[in-house]
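None of these values were measured; they are calculated from a predicted model. Counting convention: from 1, in listed order, for ligands and their atoms alike.
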Amino acid sequence: MCGIVGFTGQLAAAPILLDGLAHLEYRGYDSAGIAVCNELTGKTEVVKAKGRLKILSEKTDEGRAVPGCCGVGHTRWATHGEPSEVNAHPHYSRDRGVVAVHNGIIENYQELREKLQKDGYSFVSQTDTEVAVNMLDYYYRESNGNALEAISRTMLRVRGSYALGVLFADRPGVIYAVRKDSPLIVGRNADGCFIASDVPAILGYTRDITYIGNLEIAELRPDGVRYFNIDKEEIEKPVVHIDWDAQAAEKGGYEHFMIKEIHEQPRAVLDTLGAYIKDGAIDLSCVGLTDEELRALDRVVIIACGSAYHVGVAAKYVLEELAGIPVEVDLASEFRYRNPILSANSLVVVISQSGETADSLAALRLAKERGVRTLGIINVVGSSIAREADSVLYTLAGPEIAVATTKAYSTQLIAIYLLSLHLARARGALGEERLAALIAELESLPGKIERVLGDKERIQWFASKFAGARDIFFIGRGLDYAISIEGSLKMKEISYIHSEAYAAGELKHGTISLVEDGTLVVGVLTQPGLYEKMVSNMVEVKSRGAYLMGLTNDGNYSVEDTANFTVYVPKTEPCFATSLAVIPLQLMAYYTSVAKGLDVDKPRNLAKSVTVE
Ligand code: AGP
């Protein structure tokens, strides 16, 4: 996510902004900038830089070169528009009458951009933020310089999520802070008033903060803060004392980044859906293929590593079921050294959170050498794979800090569901009614994921019982097998317990010999058509002494006749079940690792992005 800091008071603002942004670096970013009102000249100075904050600090002589006591700063995690100085924040209107920084996603920015262009506005960046800034400028002029009116009307016009820090040139010393869904806080001490997207940015200045509520506005002056609702009515807001230490504050009060990111999944899924579903219809024009070209495809070849590969295994079931197109899935490290048979009408899809995984990048290049159309499903804007693929379907998970992926994995699944429905529509594999029902079910997933997270205490209790296990096996059939392999990897990579995932039908071909008295076996049963078969497999392992955990849909209570412990997830379309069933498995791995006192966020021997072979 992007980072926001603002200050107005008796001290030079720029050094405070740079210091605050430095405390937000953990959030991940690709560029940064500050804007400071120079009281002497009456002008707002804006300085931006691509890359690390150090570059911006050097460019501003650690803030000394940008005088003034009121300003805003920003670290950008690119969602709309490549990482660049032009796309970096702060953004400003044509005469710098309005300057702002933004965290979030303006979903209807294209429509607003067209409207503003008709009103004579021009744009220099590819960002949704510049559209929001010019909307503020438009309504500020319309309201003859009434800041609250301009902000309120902009809030009513804009769809999506935002935390905004806004400066109006003709209101020196005043900062307006506005939020919807993206977090934004206010702080105050004897030297002035602060805004920040997260506590760590201002913890060094004050521990007394106020959380701005949804659709609320804060007006900061050097000597105090006033709060308003969207109707411009003044409201009272409580002050909260923060007693976290700086490290805990970076994790938003969570103990580890991984558990924080597990809990960010509803938001990440919502943001990814919101980027591509407009008024109930899927807009995947980013894939860059016409319906005719989509119909001409004879195969989809999915290539990835690790958890991204596990998304590919799930994708095979989903794409073939919904779009009726043959799908091959391959490990990038294998694909790149095979002599892959690729027809001219294949679509190669490379899935990668970082967009820098060496094997996946090499596999992409091999596919391109063979003249095959390539699509990247990528989380990091402007990464190598994103730049080299013919087209990109970005996930909007935001920066993922924990080495073990969770929210990026979940948004990759969403990308696959969207691609499947996009292909199904183009190929006439699904009727309008069925398509609409599936899209509606997709939009229910964030809420259903939230409900699964509500069960975490039971999972924590169960995980702590098996923290000493020597082996843990996961079994499933069909899509449940794809879920099992991800659950097994999560367990292995952060708890260091040996674990394997098996297609349940394979047990009798050898692997069942590993089951002993008390061996924990997790049976995944979300697929109605395979439910009875799975129960039989679970009975097989139980009769050999296994301790059984069942993971199934609400209502399948008969599982408890066989399983020793059962976890339920809300019902959903069988094709989308992975998005819900994976959550308890992420939590189980997390709590097992915590129970063993291990370094959950940075497991031994692992890197967040494997940029070498
Ligand atoms: C997953 O928890 C691991 N961190 C790892 O398997 C990861 O999914 C794999 O290295 C692929 O990374 P990428 O998505 O950035 O290409």
Lining ligand 1 at under 4.0 Å, by non-hydrogen atom distance, are residues Cys305, Gly306, Ser307, Ala308, Ser352, Gln353, Ser354, Thr357, Val403, Ala404, Thr405, Leu489, Lys490, Glu493
Taking the six-membered ring for Trp, are Phe466 and Tyr547 parallel (under 30°), tilted (30 to 60°) or perpendicular (over 60°)?
-> tilted
Using the benzene-type ring in the case of Trp, are the ring centres of [X] and [Y] under 6.0 Å apart?
| X | Y | value |
| --- | --- | --- |
| His422 | Tyr276 | no |
| Phe473 | Tyr502 | yes |
| His263 | Tyr254 | yes |

Practice prompt. Would you kindly say whether Asn553 and Thr526 are connected by a side-chain donor-acceptor distance under 3.5 Å?
Written response: no
Side chain to side chain contact (heavy atoms under 4.5 Å, CB included) test vs Leu375 passes for just one of Leu347, Val348, Val300, Asp390, namely Leu347
